[in-house]
Amino acid sequence: MQWIDYVSYFLGGAVLTNAVPHFVSGVMGRTFQSPFAKPRGQGQSSSTVNTLWGFLNLAIGYLLVVRVGDFDLRSTADVVALGLGTLLMGVATARMFGRFNGGNAPVDG
């Protein structure tokens, strides 16, 4: 296996993670931040834009994980590369979207 395969799986995990909030918000009919809003990444985009953006991310993630190299769920190295991309993008998007949606503030119990 070549190192470029691991980079592809890492990026695939990141892109697949980014697909989730956009696609889910879109199909729920909710607006959400996207790169197409103004100001970029901070403003709200329509549910249609988010559904399309989320689906494009799913397609790109599929290409990066399934069509590059020979991804094997039984290979620890393959899964670790995908998982690290997923985890890092998950934390980054939680912090970024949390600024706009109240997710970074502690909740008083």
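Quick note: numbers below take in every heavy atom, side chains included, and nothing from hydrogens, waters or symmetry partners.
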J.: Is Leu52 reachable from Val27 through a run of hydrophobic residues whose side-chain heavy atoms are each under 4.5 Å from the next?
T.: no

J.: Does some side-chain heavy atom of Arg40 sit less than 4.5 Å from a side-chain heavy atom of Pro35?
T.: yes

J.: Does Met89 belong to the same Ile/Leu/Val/Met/Phe/Trp/Tyr cluster as Leu87, with side-chain heavy atoms less than 4.5 Å apart forming each link?
T.: no

J.: Under 4.5 Å between side-chain heavy atoms, hopping through other hydrophobics if needed: is there a path connecting Val20 to Leu88?
T.: no

J.: Any idea which heavy atoms bring Ala37 and Gly43 closest together, and the distance?
T.: CB-O, 3.1 Å

J.: Could you tell me whether the side chain of Thr93 reaches within less than 4.5 Å of the side chain of Asn18, counting heavy atoms only?
T.: yes

J.: Nearest 0.5 Å, what's the CD-CD distance between Gln44 and Gln33?
T.: 4.5 Å

J.: Checking side-chain contact (heavy atoms from CB on, under 4.5 Å) for the pair Asn50/Phe23: CA distance, chi angles, key distance, verdict?
T.: CA-CA 6 Å; Asn50 274 291; Phe23 192 78; over 6 Å; no

J.: Under the side chain to side chain contact (heavy atoms under 4.5 Å, CB included) test against Ser75, which residue among Asp72, Leu73, Val79 passes?
T.: Asp72

J.: Of the non-hydrogen atoms in Val49 and Ser34, which two are nearest, and what is the gap between them?
T.: CG1-OG, 4.1 Å

J.: State, with a plain yes or no, whether a side-chain heavy atom of Phe71 is found less than 4.5 Å away from one of Leu82.
T.: yes

J.: To check you understand the geometry: which heavy-atom pair defines the closest contact between Ala19 and Gly54, and what is its length?
T.: CB-O, 3.4 Å

J.: Mark yes or no for whether Thr86, through its side chain, and Thr17, through its backbone, hold a donor-acceptor pair below 3.5 Å.
T.: no

J.: Is it the case that one hydrophobic cluster holds both Val24 and Leu58, taking links as side-chain heavy atoms less than 4.5 Å apart, direct or via other members?
T.: no

J.: Under a 4.5 Å cut-off applied to non-hydrogen side-chain atoms, are Pro21 and Phe32 in contact?
T.: yes

J.: Can you tell me how far apart NZ (Lys38) and OG (Ser45) are? Round to the nearest 0.5 Å.
T.: 10.5 Å

J.: Over 60° means perpendicular and under 30° means parallel, so classify the ring planes of Phe97 and His22, tilted if in between.
T.: perpendicular

J.: Spell out, as yes or no, whether a donor-acceptor pair under 3.5 Å connects the side chain of Tyr9 to the backbone of Val68.
T.: yes

J.: Taking side chain to side chain contact (heavy atoms under 4.5 Å, CB included) as the criterion, tell me which of Leu11, Asn57, Val65 meets it with Leu16.
T.: Val65

J.: Tell me whether Asp78 contacts the main-chain N or O of Tyr6 through its side chain, where contact means a donor paired with an acceptor under 3.5 Å.
T.: no

